[in-house]
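Everything numeric in this text was worked out from a predicted model, so none of it was measured.
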Amino acid sequence: MKWMLMAPAVEASSDIRIAARTEFATTSDITLQNLRATDSAINESPCGVRITLRSNTLVNSRLNVCSGSAGAGR
């Protein structure tokens, strides 16, 4: 199953975290799209599989994702 988050905005201290737990399969097939993050962060830890970041706007925010994530350089 593929999940897609298309929320309008995340603000101050409401970081988005893509994570995993050892008792579950690796996080996979996640897309974060059209998101505006202000004074927050998008964090991926540990690295997932087929994680896509597309058309997101970061305002005074950090992008802490694995280098293999699609859109990680934006």
Approximate separation, where rounding is to 0.5 Å, of Ile51 CD1 and Ile18 CD1: 5.0 Å
Heavy-atom donor-acceptor pair, Asp15 side chain to Ala41 backbone, under 3.5 Å: yes
From Asn43 atom CG to Asn64 atom CG, the distance as rounded to the nearest 0.5 Å: 4.5 Å
Interatomic spacing from CG in Leu35 to OG1 in Thr57 - rounded to 0.5 Å: 8.0 Å
Glu44 versus Cys66, closest heavy-atom pair with distance: OE1-N, 3.1 Å
Minimum heavy-atom distance between Leu58 and Arg62, given as atom pair plus value: CD1-C, 4.5 Å
Nearest non-hydrogen partners of Pro46 and Ala20, listed with the distance: CD-N, 3.7 Å
Thr27 side chain vs Ala19 backbone, donor-acceptor pair below 3.5 Å: yes
Which atom of Ser61 lies closest to which atom of Ala37, heavy atoms considered: OG-O, 2.9 Å
Over all atoms of both residues, closest heavy-atom pair of Asn56 and Asn34: OD1-N, 3.4 Å
Side chain to side chain contact (heavy atoms under 4.5 Å, CB included) between Val65 and Ile42, worked out: CA-CA 7 Å; Val65 298; Ile42 298 175; 4.3 Å; yes
Under 3.5 Å: donor-acceptor pair, side chain of Gln33, backbone of Arg54: no
Sub-4.5 Å side-chain heavy-atom contact between Asp39 and Val59: no
